[in-house]
Amino acid sequence: MNIFVANLNFKLQEDELLDLFENFGEVTSAKIIIDRETGRSKGFGFVEMDNDDEANSAIADLNGQEVHGREMVVKQAEERPRRERRF
DNA sequence: ACTGAGCGT
């Protein structure tokens with residue numbers, strides 16, 4: 001399950017994000033989106049969890065949680081747009 | 001060093 005995490009503090013790094021979600025279950029991957037121009041964090045990222053139950057638990061609990069002074073927003077990620085649009 | 005809506009180099 002793809003999880004969208006936003007409103008993150010810019011100081012937050014992938015390792016901390018990964019650690020936050022690992023408290024609720026197995027995390028496949030955790031990624032913070034980095035601005036290509038500045039090389040700094042965009043303040044949001046994505047976390048992928050194999051187990052949907054653990055993912056939902058993490059979303060329910062981590063959403064609105066204050067981390068580094070910022071309440072982060074955790075929701076299920078939008079469906080990834082397909083390269084090919086079937087007609 | 002700085003900033004603050006939003007779905008990924």
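Naming convention: chains lettered A, B, ... in sequence-line order (proteins, then strands); numbering from 1 in each chain.
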Query - 5' precedence on DNA chain B between A:Gln76 and A:Arg70 (nearest-nucleotide basis) - result: A:Arg70
**Report entry** A:Phe44: hydrophobic cluster co-members (side-chain, 4.5 Å)
**Finding:** A:Phe4, A:Ile33, A:Phe46
Query raised in the report: For A:Thr28, which residues count as a side chain to side chain contact (heavy atoms under 4.5 Å, CB included) partner, sequence neighbours excluded?
Result: A:Glu48, A:Asp50
Query - ring-ring contact (aromatic ring centres under 6.0 Å, His included) partners of residues 22-43 of chain A, not counting sequence neighbours, each pair once - result: none
Query raised in the report: Considering only heavy atoms, which members of residues 55-68 of chain A lie under 4.0 Å from some atom of DNA chain B?
Result: none
Got a list of side-chain donor-acceptor pairs under 3.5 Å for residues 51-65 of chain A, not counting sequence neighbours?
residue	atom	partner	partner atom	Å
A:Asn51	OD1	A:Asp53	N	3.0
A:Glu54	OE1	A:Glu26	N	3.1
A:Asn56	ND2	A:Asp52	O	3.0
A:Ser57	OG	A:Asp53	O	2.8
A:Asn63	OD1	A:Val74	N	3.0

Query raised in the report: Near DNA chain B, under 4.0 Å by heavy atom, which residues of residues 1-22 of chain A?
Result: A:Asn2, A:Phe4, A:Ala6, A:Asn7, A:Leu8, A:Asn9, A:Phe10
Report task. Kindly write out the residues that satisfy side chain to side chain contact (heavy atoms under 4.5 Å, CB included) with A:Asp15, not counting sequence neighbours, or none if the list is empty. Result -> none
Query - Sequence neighbours excluded, every pair satisfying ring-ring contact (aromatic ring centres under 6.0 Å, His included) that has a member inside residues 61-80 of chain A - result: none
**Report entry** Test log, rule side chain to side chain contact (heavy atoms under 4.5 Å, CB included), inputs A:Val47 and A:Met1
**Finding:** CA-CA 8 Å; A:Val47 177; A:Met1 175 186 234; over 6 Å; no
Report summary line: Residues in residues 40-53 of chain A with a heavy atom under 4.0 Å of DNA chain B, by number, are A:Arg40, A:Lys42, A:Gly43, A:Phe46
Report task. For A:Ile33 and B:dG8, give me the distance from atom CD1 to atom P, rounded to whole Å. Result -> 8 Å
Requested in this report: Rounded off to whole Å, could you give me the CE-to-P distance for the A:Met72 and B:dC7 pair?
Outcome: 19 Å
Query raised in the report: Under the side-chain hydrogen bond (donor to acceptor under 3.5 Å, both in side chains) rule, what pairs show up with a residue in residues 3-14 of chain A, not counting sequence neighbours?
Result: A:Asn9-A:Lys11
Report summary line: To the nearest 0.5 Å, atom NZ of A:Lys75 lies from atom CG of A:Asn2 at 14.5 Å
Query raised in the report: How long is the gap from CE on A:Met49 to CD1 on A:Ile3, to the nearest 0.5 Å?
Result: 5.5 Å
